[in-house]
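Here is the structure we will look at.
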2 protein chains.
Amino acid sequence: MLPVSDAAAPLLAHQSTLRETNLAVVLRCVSGAAEPPSRAGVAAATGLTRSTVSRLVDELVAGGLVEEGAALLAGPGRPATPLRPSGRVCALGLQVNAAHVAARLIDLGGRMLSESRSEPDLVGSEPAVALDLLADHLREVLARTPEGGRVVGAGLALPGVVDGSGERLLRAPNLGWRDLAPGTGLREQLHGIPLSLGNEANLAAHAFVQPAPGRLGRAGHFVYVSGEIGIGGAVVTDHRVQTGRHGFAGEIGHMPFRPGGDPCPCGSDGCLERYAGRLALTRRAGLPPTTTLAELDRLAEDGHAASRAAIDLAAEALGVVLAGVVNLLDVPTIVLGGEIGDLADRITPTVQARLRARVMAADWMPLEVVRDPDDVAGASGGALLHLSRVVTAPVAFLAA
Amino acid sequence: MLPVSDAAAPLLAHQSTLRETNLAVVLRCVSGAAEPPSRAGVAAATGLTRSTVSRLVDELVAGGLVEEGAALLAGPGRPATPLRPSGRVCALGLQVNAAHVAARLIDLGGRMLSESRSEPDLVGSEPAVALDLLADHLREVLARTPEGGRVVGAGLALPGVVDGSGERLLRAPNLGWRDLAPGTGLREQLHGIPLSLGNEANLAAHAFVQPAPGRLGRAGHFVYVSGEIGIGGAVVTDHRVQTGRHGFAGEIGHMPFRPGGDPCPCGSDGCLERYAGRLALTRRAGLPPTTTLAELDRLAEDGHAASRAAIDLAAEALGVVLAGVVNLLDVPTIVLGGEIGDLADRITPTVQARLRARVMAADWMPLEVVRDPDDVAGASGGALLHLSRVVTAPVAFLAA
DNA sequence: GCACAAAACTTTCGTCACAAAACTTATCTC
DNA sequence: GAGATAAGTTTTGTGACGAAAGTTTTGTGC
């Protein structure tokens, strides 16, 4: 079948567009490679000629985006000069959710240079308290910026609905926050580093599609389920995180599982979150709402019947809703991230079974459920988002 | 917010890429414009210089993709030469579903040059019979190809799951067809015109995003619901029809409305289709399954209680499922296409109400339900798909 | 009726980025 | 130490675009 797609209007191309495109191709090749390639290697991988690659690499090296290593002696011929993405170009990843506050510094190669984090309980918290804590972590990480480092941006992951401009958090039910601009206080610490806000699950999914700038992850079509107190999510198709018309996409927690069932604070009823969110799980298990899902898992392991029943219902709900999503979008991979990952072993079989039974095209496609082991993946995503801008449009980031 | 997106690896750019891109920009501008623009108009609209536009337009005219009209006298100054997309470059759109067989010829400007169609009942039909009928329509339309016309492709819309290669129809429950290659018989009539298969709803959605090559429709983010005997669908985000990893996306009819409810032949239960598909509607209304939705609408109008109840339940099911989809994808527009469009007036208020009540971000976004009046929009989409290839990569289609 | 203004093209020339191919450099092998 | 091998550089040519000056075709005013 022809790709049914792409009505997006492309802009005109100029000679400078050509150069920018090819600089991006070369930089992406360098930053995304498993092993540092040589100029000749880049030429072979991209299809550009060695002369062109040489010129472009020289520009990237002069601009501080790529570093040359010591010559590599391997067999006959002139030894190759290995090329590495600069460790001095980096971005800040920040995250605040109900159980984590974290700051990370990630470089152009996707390597985490430093991290500072804590695990407070922020349910129903005062925004200023949480943001001050974040500012502390941020300052600490920023102080460890390498000599001559350039921090190109900061991305803050939040568990809620962020408006289209990336300035305001409209609502974050788990934190109990509504309509605020978390950036105002932080900018003081940031010394002009551009800050953008994003939904936690969307950013975590971004980190999963693109674990390093220019490097593609194992899946290009998946649903990311971020289960904490509530359930967030993100949809990725064709290696693109779908944010929707206004940036609100991903509210998988409020897809219907049993319409007419449990009322949900969102105003609807029977939402997935009311069956698979932490609050729902702990309530059904007869445990205090602060019980973590890891603790719940242990109780189930120990034979606690109510916990088992709650987890089984959550798995059922997830399986049914995700099967619907797979039918709609043909995304063969489900990624369990956040706290719900702690239940992955226990819920995966049921989810798998429901997918197999309810997905129309199940006979013609693989269906896999995997876990994202990073518990603050949103922070990485926030940083990677800014770094991927560097890789996509390098000219603006070439040092004078 | 920064666009969380686009990890797709771009290819290297060459001077020829430059030319191709700008030829596409110019052609898209000409083919998508409401009024035929002049060279100067194209330059103003695209940002290219007049000299560049002149050269590119000359190439497109020489290549037979653009036609020059008679000079337009309007005020002082040299009169402009109006530019129009060629009426000789066209594509075939074909469609077979349970109630329609149609063939259309559409030109580069998106104008329908001719059509031939019939309304047989093909539920549980023999594929050969339906395809012979399609071949008749096809032959008739092709015979009316304009003098010197070039048919660049044929797209066949089918109400079922098409495999990734676009060669085989895997299953079409409403027709009762399984695993066949409808192209084999048709190619004889096609004299080398490349044929591709696509899902009916996906192609109809394509025609809705891009009613003419290069012209964007009114919505870029929407769900297309194609209600016939079953319920098909398509998801469009950022003006792109999402076909998923294997091309199976769009099975909205098999999203859960009441899991554990009505068993569905798909192997699952409680699927939307079991509440909002024609078969479900007529059964609940106590009418024969061949009753059309237009007839059902008339009965409801006349006060037939069972019909009204069936339609209300269908609207409820659609509203709940679509609200979930909007929560997941932030697509503020719902397009009702196919036969279910005949019920649009009756179901829209309920669907609207459910969306308003169940969509989390409803307070921050518009939500609209519109109808696609074209009852064989899939055929147009099939043709437009091939035509949009011409507009995207014109060089391959320049006449020698 | 004729200069002049206006606007749509066209032509000429300069620039930029890439490809091709010849050339240089650095290492290994015999 | 000669030759092979491969990396990287230099030179030269080409194609496509922009800038600016030139040409064509109309309308307007005296």
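OP1 or OP2 of D:dG8 sits under 4.0 Å from a side-chain N or O of A:Thr81.
A:Arg39 pairs with exactly one of A:Glu68, A:Arg55, A:Arg50 by the side chain to side chain contact (heavy atoms under 4.5 Å, CB included) rule, that one being A:Glu68. Checking B:Val57, B:Asp58, B:Leu65 one by one against B:Val61, the side chain to side chain contact (heavy atoms under 4.5 Å, CB included) holds for a single residue, B:Val57.
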Show which side-chain atoms of residues 42-49 of chain B pair as donor or acceptor with protein atoms under 3.5 Å away, not counting sequence neighbours.
residue : atom : partner : partner atom : Å
B:Thr46 : OG1  : B:Val42 : O            : 2.8
B:Thr46 : OG1  : B:Leu48 : N            : 3.2
B:Thr49 : OG1  : B:Ser51 : OG           : 3.2
B:Thr49 : OG1  : B:Thr52 : N            : 3.4
B:Thr49 : OG1  : B:Thr52 : OG1          : 2.9

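Distances were taken from every side-chain heavy atom of B:Ser51 (C-beta onward) to each of D:dG18, D:dT14, D:dT24; the shortest belongs to D:dG18. For A:Ser54, the side-chain atoms get nearest to D:dT9 when compared with the rest of D:dG15, D:dG18, D:dT9.
Atom-to-atom, CZ of B:Arg78 to C1' of D:dG22 comes out at 12 Å; the value is rounded to the nearest Å. The distance between atom CG of B:Leu23 and atom P of D:dA16, rounded to the nearest whole Å, is 9 Å. If you take CZ of A:Arg50 and P of D:dG8, they are 9 Å apart, rounded to a whole angstrom. Going from atom CD of A:Gln15 over to atom P of D:dT14 covers 16 Å, rounded to whole Å.
In this structure, a donor-acceptor pair under 3.5 Å is present between the side chains of A:Thr237 and B:Gln242. For A:Thr333 and A:His221, the side-chain atoms include no donor-acceptor pair closer than 3.5 Å.
Mapped onto DNA chain C by nearest heavy atom, B:Glu68 and A:Thr52 fall at different nucleotides, with B:Glu68 at the one closer to the 5' end. Each of B:Arg19 and A:Asp58 was matched to the nucleotide of DNA chain D holding its nearest heavy atom; the match closer to the 5' end belongs to A:Asp58.
With respect to the salt-bridge test (charged N to carboxylate O, under 4.0 angstrom), the residues A:Asp374 and A:Arg104 qualify. Salt bridge annotation for B:Glu147-B:Arg88: absent, with no cationic side-chain nitrogen under 4.0 angstrom from a carboxylate oxygen.
Taking every nucleotide of DNA chain C with any atom under 4.0 Å from a non-hydrogen atom of chain B, the first and last of them, 5' to 3', are C:dA6 to C:dA19.
The minimum heavy-atom distance between A:Ala205 and A:Ala234, with the atom names listed, is CB-CB, 3.6 Å.
In the region residues 33-49 of chain A, proximity to DNA chain C at under 4.0 angstrom, judged on heavy atoms, holds for A:Thr49.
Distance alone, capped at 3.5 Å, places no donor-acceptor pair between the B:Asp107 side chain and the B:Cys90 backbone.
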